[in-house]
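Indexing begins at 1, ligand by ligand and atom by atom, following the structure's order. Values in this document were obtained by computation on a predicted structure and should not be read as measured data.
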Amino acid sequence: MKVLVTGGTGYIGSHVVVELLNQGYEVEIIDNLVNSKITVLDQIEKITNKKPIFHQIDLLDKPVLEQIFTNSHFDLVMHFAGLKAVAESVEQPLRYYNNNLTGTINLLECMENHHVYNLIFSSSATVYGNPGIPEYTENLETGHNISSSYGKTKYMIEEILKDLAIANPNFNIIALRYFNPIGNHPSGLIGEDPNGIPNNLMPYIMKVAKGELPELSIYGNDYSTPDGTCRRDYIHVVDLAKGHLSAIDALESGFKAYNLGTGSPVSVLEMVQTFEKINGKPLPHKFSPRRAGDLPEFWANPSLANRELNWQTTLTTEDAFRDTISFIEHQ
Ligand code: NAD
Ligand code: UD1
């Protein structure tokens, strides 16, 4: 089975490529390297002893994309390529809508033209917006009060996919709604290492641990949560990657969405304490005012994916910290 992976040199895509290659799938990657490095391909080869075919192209370049579909027959597309920085998306909405929506529409048109009907799409818990309850199930209405342009692109793409699946029942589409992916491959050879000052919790903790930033600011300790800090559903990226392979077997006519999360929320303070335990020394941190747009807590109800994808998480936040420390030591 030949799989086209868009965004396959990125953080999550590269982990899925590793799992696909390990399971014997043939893989071709498309990525414009706007947020990843070509050296990831060598690291993937070190882990799997296989090197996927790589096309450095932009999904916005429709003629070149068409050519790739003409040259190869794909059984399945996994679509990770997209811009994902929440704050940047608020500053540059047109860039985000163009990249994420036009890129996806180009891809879908090529798929339809070339009769490639199996699609797994990287969606996000952000599509739920602010539903008013912390445990998210797939039957909640999506799109309500989404706070960023990035989040809206994910919601809009899901709507496009639903319409497409109705218009053309040949399409078998699964949207996987990720909660908070953390960690990396246990080899420490691939992972996420954003440039500059990170927005997300895990890379921020790592930069403080490396001494590149002086201390972590915990945004808010007066929330109505058990310890006053926000709670999230952190999922190890290897568990997340395996969820994609489980989804392949569940593809069927129409559009279906699944939550990929652990179902167990963890607070920011608990994350700090776990890191300190694994790293064996204190992590400098202070309490700061709440960050605008943050919800106090939310987590996945993963039962649908547990049942229908026959998938569940096995790794912990401790595993994620251990693997991330190993990734940093390899840098
Ligand atoms: P990433 O930035 O590491 O990977 C995305 C890849 O897509 C990058 O390698 C980038 O170069 C590429 N890309 C972007 N626009 C492109 C274009 N027009 N043409 C070709 N390549 C392009 O991000 P990630 O964390 O691996 O996320 C993968 C997907 O999962 C994204 O769609 C993201 O929105 C989604 N997602 C991520 C998270 C998260 O916390 N990381 C959470 C929910 C959903
Ligand atoms: C954010 C995005 C979400 C995206 C996800 C993963 C928003 C509203 N949501 O989610 O769309 O899918 O990142 O990329 O931006 N925290 C600190 N100090 C820090 C950084 C974070 O205390 O320096 C706290 C935050 O307040 C939050 C938790 O850690 O409570 C997790 O933050 P983060 O990793 O940014 O993820 P989300 O905000 O859940």
> What about Phe74 and Phe69, are their ring centers closer than 6.0 Å?
Replying inline: yes
>> Using the ring centroid of each side chain, check whether Phe179 and Tyr234 are separated by less than 6.0 Å.
In response: no
> Do Tyr204 and ligand 2 have an N or O pair less than 3.5 Å apart?
Replying inline: no
> When you look for heavy atoms under 4.0 Å from ligand 2, do you find them on the side chain of Tyr219, its backbone, both, or neither?
Replying inline: both
>> For atom 39 (O) of ligand 2, what's the nearest protein heavy-atom neighbour? Residue, atom name and distance, please.
In response: Arg232 NE, 2.6 Å
>> Is the contact between Thr126 and ligand 2 made by the side chain, the backbone, both, or neither, using heavy atoms and a 4.0 Å cut-off?
In response: side chain
>> Please work out, at 4.0 Å between heavy atoms, whether the side chain, the backbone, both, or neither of Asn200 comes within that distance of ligand 2.
In response: both
>> Checking a contact table here: which protein heavy atom is nearest atom 12 (O) of ligand 2, and how many Å away?
In response: Ser124 OG, 3.8 Å
> Hey, mind stepping through Glu192 and Lys84 against salt bridge (Lys or Arg N to Asp or Glu O under 4.0 Å) and telling me if it holds?
Replying inline: CA-CA 13 Å; Glu192 187 179 37; Lys84 62 157 187 178; 2.7 Å; yes
>> Checking Arg95 against Glu88 for the salt bridge (Lys or Arg N to Asp or Glu O under 4.0 Å) test, could you report, in this order, the C-alpha distance in whole Å, the side-chain angles of both residues, the deciding distance, and whether it holds?
In response: CA-CA 10 Å; Arg95 180 169 167 238; Glu88 187 182 68; 3.5 Å; yes
>> Taking the basic N atoms (NZ, or NE/NH1/NH2) and the acidic carboxylate oxygens, is any pair closer than 4.0 Å for Lys281 and Glu276?
In response: no
> Is Glu308 paired with Lys256 through a side-chain N to carboxylate O contact shorter than 4.0 Å?
Replying inline: yes
> Which atoms from ligand 2 have a heavy atom of Ser217 less than 4.0 Å away?
Replying inline: 17 (C), 18 (N), 19 (C), 22 (O), 23 (O)
>> Would you say NE2 of His144 has more than 12 non-hydrogen atoms from neighbouring residues, nucleotides or ligands within 6.0 angstrom?
In response: no
> Which atom names give the shortest non-hydrogen contact between Ala305 and Leu260, and what distance separates them?
Replying inline: CB-CD2, 4.1 Å
> Hey, is the main chain of Ser253 close enough, under 3.5 Å, to the side chain of Asn172 for a donor-acceptor pair?
Replying inline: yes
> What's the shortest distance from atom 8 (C) of ligand 2 to any protein heavy atom, and which residue and atom give it?
Replying inline: Gly293 O, 4.0 Å
> Of all the non-hydrogen atoms in the protein, which one sits nearest to atom 9 (N) of ligand 2, and at what distance?
Replying inline: Val86 CG2, 4.1 Å
> Parallel, tilted or perpendicular for Tyr96 and Tyr150, by the 30°/60° rule?
Replying inline: perpendicular
> Does the gap between the ring centers of His244 and Phe80 come in under 6.0 Å?
Replying inline: yes
>> Check this for me: does any side-chain nitrogen of one of Arg322 and Asp319 sit under 4.0 Å from a carboxylate oxygen of the other?
In response: yes
> Quick one: does ligand 2 sit under 4.0 Å from the side chain of Phe287, the backbone, both or neither, non-hydrogen atoms only?
Replying inline: neither
> What's the shortest distance from atom 38 (O) of ligand 2 to any protein heavy atom, and which residue and atom give it?
Replying inline: Arg291 NH2, 2.8 Å
> Closest non-hydrogen protein atom to atom 10 (O) of ligand 2, residue and atom name please, with distance?
Replying inline: Asn180 ND2, 4.0 Å
> Is a side-chain donor-acceptor pair under 3.5 Å present for Ser267 with Asp227?
Replying inline: yes
> For atom 30 (O) of ligand 2, which protein heavy atom lies nearest, and how many Å away is it?
Replying inline: Cys230 CB, 2.9 Å
> Leu119 pairs by side-chain contact (heavy atoms from CB on, under 4.5 Å) with which of Leu251, Ile174, Ile173?
Replying inline: Ile173
> Do ligand 2 and Leu201 have nitrogen or oxygen atoms that lie under 3.5 Å from each other?
Replying inline: yes
Check ligand 1 for N or O atoms under 3.5 Å from a protein N or O and list each pair with its distance.
unit_1: ligand 1; atom_1: 2 (O); unit_2: Asn35; atom_2: ND2; d: 2.7
unit_1: ligand 1; atom_1: 3 (O); unit_2: Tyr11; atom_2: N; d: 2.8
unit_1: ligand 1; atom_1: 9 (O); unit_2: Gly10; atom_2: N; d: 3.4
unit_1: ligand 1; atom_1: 9 (O); unit_2: Asp31; atom_2: OD1; d: 3.2
unit_1: ligand 1; atom_1: 9 (O); unit_2: Asp31; atom_2: OD2; d: 2.6
unit_1: ligand 1; atom_1: 9 (O); unit_2: Ser36; atom_2: OG; d: 2.6
unit_1: ligand 1; atom_1: 11 (O); unit_2: Asp31; atom_2: OD1; d: 2.6
unit_1: ligand 1; atom_1: 11 (O); unit_2: Asn32; atom_2: OD1; d: 3.4
unit_1: ligand 1; atom_1: 11 (O); unit_2: Val34; atom_2: N; d: 3.1
unit_1: ligand 1; atom_1: 11 (O); unit_2: Asn35; atom_2: N; d: 2.9
unit_1: ligand 1; atom_1: 13 (N); unit_2: Asn32; atom_2: OD1; d: 3.4
unit_1: ligand 1; atom_1: 15 (N); unit_2: Asn99; atom_2: ND2; d: 3.2
unit_1: ligand 1; atom_1: 18 (N); unit_2: Asp58; atom_2: OD1; d: 3.0
unit_1: ligand 1; atom_1: 18 (N); unit_2: Asn99; atom_2: OD1; d: 2.8
unit_1: ligand 1; atom_1: 19 (N); unit_2: Leu59; atom_2: N; d: 3.0
unit_1: ligand 1; atom_1: 21 (N); unit_2: Asn32; atom_2: N; d: 3.1
unit_1: ligand 1; atom_1: 21 (N); unit_2: Asn32; atom_2: OD1; d: 3.2
unit_1: ligand 1; atom_1: 25 (O); unit_2: Lys84; atom_2: NZ; d: 2.8
unit_1: ligand 1; atom_1: 26 (O); unit_2: Tyr11; atom_2: N; d: 3.2
unit_1: ligand 1; atom_1: 26 (O); unit_2: Ile12; atom_2: N; d: 2.7
unit_1: ligand 1; atom_1: 32 (O); unit_2: Phe80; atom_2: O; d: 2.8
unit_1: ligand 1; atom_1: 32 (O); unit_2: Lys154; atom_2: NZ; d: 2.8
unit_1: ligand 1; atom_1: 34 (O); unit_2: Tyr150; atom_2: OH; d: 2.7
unit_1: ligand 1; atom_1: 34 (O); unit_2: Lys154; atom_2: NZ; d: 3.1

> Closest non-hydrogen protein atom to atom 26 (O) of ligand 2, residue and atom name please, with distance?
Replying inline: Asp294 OD2, 2.6 Å
> Numbering the atoms of ligand 2 from 1, which are under 4.0 Å from a heavy atom of Ile218?
Replying inline: 22 (O)
>> As a check for students: among Val266, Val268, Asn221, Leu295, identify the option with a heavy atom nearest to atom 24 (C) of ligand 2.
In response: Val268
